[in-house]
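Working notes, structure below.
A quick note: this is a predicted structure, and the numbers were derived from the prediction, not measured. So that the names make sense, note that chain A is the first sequence line, chain B the second, and so on, each numbered from 1.
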Number of protein chains: 2
Amino acid sequence: MSQRVTALSIIDAIVADLRRRIYQGELTQGAALTEAEVAANYDVARPTAKAAIERLVSESLLERGAHKTARVKTLGADSVRDIYFARAYLESEVVRRLARNTTVPPAAVSANAEITARTSRPATDIIEPDMMFHTALVDAMQNKRTSAMYRSLLGEVRLCMTRVQSLELLDTAQIAAEHAAILERIAAGDPEGAANVLDGHLAHARELLAAQLEAASG
Amino acid sequence: MSQRVTALSIIDAIVADLRRRIYQGELTQGAALTEAEVAANYDVARPTAKAAIERLVSESLLERGAHKTARVKTLGADSVRDIYFARAYLESEVVRRLARNTTVPPAAVSANAEITARTSRPATDIIEPDMMFHTALVDAMQNKRTSAMYRSLLGEVRLCMTRVQSLELLDTAQIAAEHAAILERIAAGDPEGAANVLDGHLAHARELLAAQLEAASG
DNA sequence: CAAGTGTACTTGTTAGACAATATTCGAGTT
DNA sequence: AACTCGAATATTGTCTAACAAGTACACTTG
């Protein structure tokens, strides 16, 4: 018995653990995950492993074609652009509407404070609070489906992050400053300005990541 | 043997047929779908039926809790509002960006022409072209993930539509006119105007549907 | 008539098996 | 020696059968 997971639903537990291993880079991009392998690893039957794999495929953390072995999704520069444009479409509308009501989400403020507090720590430490900042913005709309859609995107974002080893190029101070600028425009009741700042913020991250991946593949 | 489905993946075929039956109102809101029942209906094993049901749950056309029978999703007025607000967030940003580039999607134009051509037909006939119009707008962004997110919303929209029997209250001429106004604002390169017209269009539909559902439940 | 209990139904998970398809490796040919 | 074709192997898709566990409903009992 390699790893025993105990929870309400066995499949849920396996999904959670596989997700963790993918996020932590233990399972790198392109790694094969056969059903039998997963079943043996977690000491469950193959149908159970199959269900877990299918769930992760629907989360688009894994990919597989018919009759083919599932693999950890490989994200190219084009995929990153697709993801970040989708983020931009969603988030810019969100901040626009938040600015229209001048509602600054408290959770976003505290998440950004967390980032400024960690400027000297390892760069990977700011991934969590950075995502929390953006999630807080979207969640402030109090729209279940929008939040769900955004979370599905963030799963893939996280995948890019682990793929890009040298995250040192992230200037945490600058990120925090851009976040602050977004909140400031919202507080000022400036929808167009808030959307513009956010667009720039995401465009910056997007091209940074895309350039990294293009360099890695070529 | 009741119904034989023949396709590449058996599960896909069952999912497609169940989806069709839900959309066509054959399976009404709240209808129970046990695994054994589905398995017998399509002459497949229970695990196969189970997988099909789980796929529809992840599409949120069905809902079920642990150890409980799956049921066709019941949409209340609050859910409809959630769905339509999510649509509004996505689509208004889409038309804003389309207007910024003055790109009028040809597919949207022809879809709206289809609506005007059917003003005297039964109201249910305009559901399809109406959805095609909105889908065309989103697809014009050429962003795979945005399109996917939008399609997941449309599944639930379609569910509302079948739920609301008396669709006669839909004024097809007005719908077509509002669509035309959106396209006109895009062609005029007026992002703010396009977004406003679209917001109004969706708000109109939203409150119409919500009022219907509130009346039906109360 | 109300409350607790028990039974039937349904789902969660497992085991084992077979068919169909992918992949890989080897043999034969050019 | 390189390439192509074919066979062996691995992997997935699906099935049958079964048991455990949890829910819901009816039935008994107070």
DNA chain C: A:A49 or B:T34, which has the more 5' nearest nucleotide?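 Its nucleotide being nearer the 5' end, the pick is B:T34.
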Gap separating the CZ atom of B:R87 from the CD atom of B:E91, nearest 0.5 angstrom: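 So the CZ of B:R87 and the CD of B:E91 are separated by 4.5 Å.
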Look for any protein N or O under 3.5 Å of an N or O in nucleotides 15-18 of chain C and output each such pair with its distance, or none.
from, atom 1, to, atom 2, distance (Å)
C:dA17, N6, A:R46, NH2, 3.2

Aromatic ring pairing A:H134/A:H179, orientation class (parallel under 30°, perpendicular over 60°, tilted between):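 Perpendicular.
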What I want to find out is whether B:R64 reaches B:E35 closely enough, with some N-O distance under 4.0 Å, to be called a salt bridge.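 Looking at B:R64 and B:E35, the cut-off is met.
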Salt bridge between A:E214 and A:R81, side-chain N to carboxylate O under 4.0 Å?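 Yes, this pair counts.
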Verify, without hydrogens or angle tests, whether [X] (side chain) and [Y] (backbone) share a donor-acceptor contact under 3.5 angstrom.
| X | Y | result |
| --- | --- | --- |
| A:R71 | A:G30 | yes |
| A:D82 | B:N143 | no |
| B:T28 | B:G25 | no |

With a 4.0 Å cutoff (strictly under), does any side-chain N or O of B:S9 reach OP1 or OP2 of D:dT14?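 Looking at the OP1 and OP2 atoms of D:dT14, one of them is under 4.0 Å from a side-chain N or O of B:S9.
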Take atom [atom1] of [X] and atom [atom2] of [N], then tell me their distance rounded to the nearest Å.
| X | N | atom1 | atom2 | value |
| --- | --- | --- | --- | --- |
| A:I11 | C:dT11 | CD1 | C1' | 11 Å |
| A:I10 | D:dA21 | CD1 | P | 11 Å |
| A:I14 | C:dG12 | CD1 | C1' | 13 Å |
| B:K50 | C:dT13 | NZ | P | 7 Å |

Judged by modelled atom types alone, do [X] and [Y] share a side-chain donor-acceptor pair under 3.5 Å?
| X | Y | result |
| --- | --- | --- |
| A:D139 | A:Y150 | no |
| B:E207 | B:Y84 | no |
| A:S92 | B:E93 | yes |

Counting only heavy atoms and a strict 4.0 angstrom limit, can you tell me which residues of residues 52-64 of chain A come near DNA chain C?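 Under 4.0 Å from DNA chain C: no residue of residues 52-64 of chain A.
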Can you pull out the residues from residues 65-76 of chain A that lie within a 4.0 Å heavy-atom distance of DNA chain D?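 Output list: A:H67, A:K68, A:T69.
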Is it possible for you to check whether B:R97 lies under 6.0 Å from the centre of the six-membered ring of A:Y89, through NZ or CZ, and within 45° of that ring's axis?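 No, B:R97 and A:Y89 do not form such a contact.
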